[in-house]
Each structure stands twice: as structure tokens, then as C-alpha cells.
Amino acid sequence: MRIYTLTVGPLGTNCYLIMSEKRSIALVDPGADPERIIQKIEDLGSAPSMILLTHAHYDHTGGVAALCEAYPDCAVYLGEKDAPAYGDPEASLAAMLGGAKEPAVLPLTATVKEGDTLALDELEFTVLETPGHTPGGVTYRCGDVLFCGDTLFQGSIGRTDFPGGDYETLRRSLLRLRGLPGEYTVCPGHGLPTMMSQERKTNPYLKG
């Protein structure tokens, strides 16, 4: 598995391009700058097979429509409990973040829930429901890597003061991630990657 990271949009969202041994690509959270993402895909000589959305906020989904227009066969997946917010200008924060101010129908192949798996050649993405930042936030676990969106950051956590956010729910999700056995590389929605062992030791929100 090769992971390429593009920081996109005004909020510095991490868009991850994950490449299999056969050079198939999964995109995680293409939130903005679709032309840059397309250029990177072309530089890699491939095309995306799937888009995995960790949650429905516009800074993580804003590039989906343009990417699906460029790659019509690309599937799009989102946690089922965030589906009502997807394309809703208020719940998705699109109206606040410079997106459409009217409801939009956005590309969505299927919703996912706890325990679902998505295959990309030899790679398997397992869905872990990690709500709190949003009602339907999910983490995609692939081997020893966690793509966790805005649930967990290096030394911090996602906000819970947006529509649908709930701190106690997020706290339970954080403790669940903390309790996963073994070591993981954490690829967050913003900021630098980190190691779960480091977060267990130093992140104040993972203590107790």
C-alpha cells in the first residue's frame, strides 16, 4: 500500500490517495481542489476506483462531484448516519464554507456501517463507526493504518460544536480507537499523521 497526501482547500484538509499493488486508487476525503487531485492521479498513471468519505462536512466532500464527473465509474461511500447531511448546505457546512447554499444531490454509490468491508485489489478497508464530530463519522481501517477524518488528530480531536456534534459520543469513539489492539498509523483529516501509541501516551483526550 502506498499513501500519497494532498492538503486541499482553505481549511487544509488531508486528501489521501491510496494505491494498491495493481495501481488501483482509493481516495479518502477529496474535500477541494479537484484539479490538483486529478493531476496527481494522472501523474500516477491510474484512475480512482472508489472515494471513501469519513463524514459529510463540505471541507471533506467538496471535490466529489467534479471527480465523479471526471471518473464516472468511481464509487462513492459514506457512513449511513451522515447521509442526511450530505448535500444539505447547513448540516454539511457548505453554506458556511463557500459551497452551494441550496440543497444538492451529490454522487453516492452506497452508505456504509460498522463492520462493512470494501476491497481494492489486495487491500481491504474495514468500516469502524466513530461518531461524535458528526452523527455518522466513520474510520476506515486498512491493515495497520486508520483513516479517521476529524475524529482524532495529533494531540487533539475534532470539534463537536457543529450541527450533530456531541462530545460524549466523540469521547466514546476516541476510547474505542485507543483500545484497538496493536499499533496503528493514524491519518487524520487535518494536520500531520501520528502513531496510536504516541496518542495513547500524550493526547489528553485519550486518557482516562
Side-chain angles (χ1 to χ4, degrees), residues 1-21 23-34 36-37 39-41 43-44 46 48-57 59-64 67 77-79 112 117-118 120-134 137-160 170-171 173-207:
M1 175 172 57
R2 297 180 183 176
I3 302 173
Y4 303 88
T5 307
L6 293 177
T7 302
V8 300
L11 299 186
T13 301
N14 290 328
C15 171
Y16 298 101
L17 293 83
I18 304 143
M19 179 176 281
S20 72
E21 291 181 355
R23 302 186 66 80
S24 301
I25 288 178
L27 296 173
V28 177
D29 289 353
D33 302 337
R36 285 183 56 217
I37 299 171
Q39 184 61 61
K40 182 64 176 179
I41 292 168
D43 290 346
L44 293 171
S46 185
S49 299
M50 61 178 69
I51 294 173
L52 308 178
L53 301 174
T54 62
H55 61 292
H57 282 168
D59 61 315
H60 292 253
T61 67
V64 171
L67 286 161
Y77 300 97
L78 172 71
V112 293
T117 58
L118 300 167
L120 181 74
D121 298 331
E122 82 283 2
L123 303 178
E124 185 173 86
F125 297 88
T126 300
V127 176
L128 309 177
E129 292 186 358
T130 48
H133 178 65
T134 64
V138 298
T139 292
Y140 297 96
R141 180 174 61 190
C142 185
D144 59 358
V145 181
L146 300 174
F147 299 93
C148 60
D150 290 359
T151 296
L152 175 63
F153 302 134
Q154 184 184 69
S156 188
I157 60 173
R159 294 173 61 167
T160 57
L170 181 60
R171 171 78 169 161
S173 294
L174 293 166
L175 294 180
R176 180 194 183 183
L177 293 179
R178 185 190 73 173
L180 292 174
E183 178 68 295
Y184 290 91
T185 298
V186 177
C187 292
H190 303 270
L192 296 173
T194 186
M195 302 302 296
M196 184 59 74
S197 58
Q198 181 70 15
E199 297 310 302
R200 290 182 184 120
K201 292 177 182 176
T202 63
N203 191 319
Y205 298 98
L206 265 65
K207 295 182 179 296

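Listed by chain and number, the residues in a side chain to side chain contact (heavy atoms under 4.5 Å, CB included) with T185 are V145, C187, M195 (sequence neighbours excluded). Applying the salt bridge (charged side-chain N to carboxylate O under 4.0 Å, His left out) rule to R176 yields the partners E114; only residues at least two apart in sequence or on another chain are considered. Legend: residues meeting side chain to side chain donor-acceptor pair (under 3.5 Å) with R2, ordered by chain and number and at least two apart, are absent. Listed by chain and number, the residues in a side chain to side chain contact (heavy atoms under 4.5 Å, CB included) with T134 are H55, H57, D82 (sequence neighbours excluded). Partners of Y77 by ring pair (Phe, Tyr, Trp, His ring centres under 6.0 Å), not counting sequence neighbours: none found. Scanning for side chain to side chain contact (heavy atoms under 4.5 Å, CB included) contacts around D33 gives V8, E35, R36, with sequence neighbours left out. Under the rule for a side chain to side chain donor-acceptor pair (under 3.5 Å), E124 has no partner lying at least two apart in sequence or in another chain. A search for side chain to side chain donor-acceptor pair (under 3.5 Å) contacts involving E183 returns S197, not counting sequence neighbours. Qualifying ring pair (Phe, Tyr, Trp, His ring centres under 6.0 Å) partners for F125, counting only residues two or more places apart in sequence or in other chains: none. Taking the side chain to side chain donor-acceptor pair (under 3.5 Å) definition, one finds that D144 meets it with nothing, sequence neighbours left out.
Looking only at side-chain heavy atoms (C-beta outward), I41 and P48 come within less than 4.5 Å of each other. When side chains are defined from C-beta on, T13 does not count as touching T7, because their heavy atoms never get closer than 4.5 Å.
L174 contributes atom CG, which lies 5.5 Å from atom CG of L206 (distance to the nearest 0.5 angstrom). Taking CZ of R200 as the reference point, atom CZ of R178 lies at 9.0 Å (rounded to 0.5 Å). Note: L27 CG to C15 SG = 5.5 Å, rounded to the nearest 0.5 Å. Here the CG atom belonging to D29 is positioned 8.5 Å from the OG1 atom belonging to T61, to the nearest 0.5 angstrom. Rounding to the nearest 0.5 Å places CG of L146 at 8.5 Å from CG of L152. Interatomic distance, CD of Q39 versus CG of L44, reported as 10.0 Å (0.5 Å rounding).
Here the shortest heavy-atom pairing between L53 and Y140 reads O-OH, 2.9 Å. Heavy-atom minimum distance, Y205 versus R171: O-NH1, 2.6 Å. Closest non-hydrogen pair, S24 versus D121, comes out as OG-OD2, 2.7 Å. Nearest heavy atom pair, residue C142 against residue M1, reads SG-SD, 3.7 Å. For G79 against V138, the heavy-atom pair with the smallest separation is CA-CG1, 3.9 Å. Nearest heavy atoms, L120 versus S49: CD1-CB, 3.7 Å.
Each of I51, L17, I3, I18 was compared with V28 under the side chain to side chain contact (heavy atoms under 4.5 Å, CB included) criterion, and only I18 meets it.
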Given L177 and E199, is the side chain to side chain contact (heavy atoms under 4.5 Å, CB included) satisfied, shown in steps?
CA-CA 10 Å; L177 293 179; E199 297 310 302; over 6 Å; no
Run the ring pair (Phe, Tyr, Trp, His ring centres under 6.0 Å) check on H60 and H190 step by step: do they pass?
CA-CA 10 Å; H60 292 253; H190 303 270; 5.1 Å; yes
Considering only distance and modelled atom types, tabulate donor-acceptor pairs under 3.5 Å from the side chains of residues 153-160, sequence neighbours left out.
unit_1, atom_1, unit_2, atom_2, d
R159, NE, D161, OD1, 2.9
R159, NH2, D161, OD1, 3.4
R159, NH2, D161, OD2, 2.8

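Y16 has its ring centre less than 6.0 Å from the ring centre of F147.
T5 and N14 form no side-chain donor-acceptor contact under 3.5 Å, judged by distance and modelled atom types alone.
Panel note: side chain T130, backbone S173; no donor-acceptor pair is recorded below 3.5 Å.
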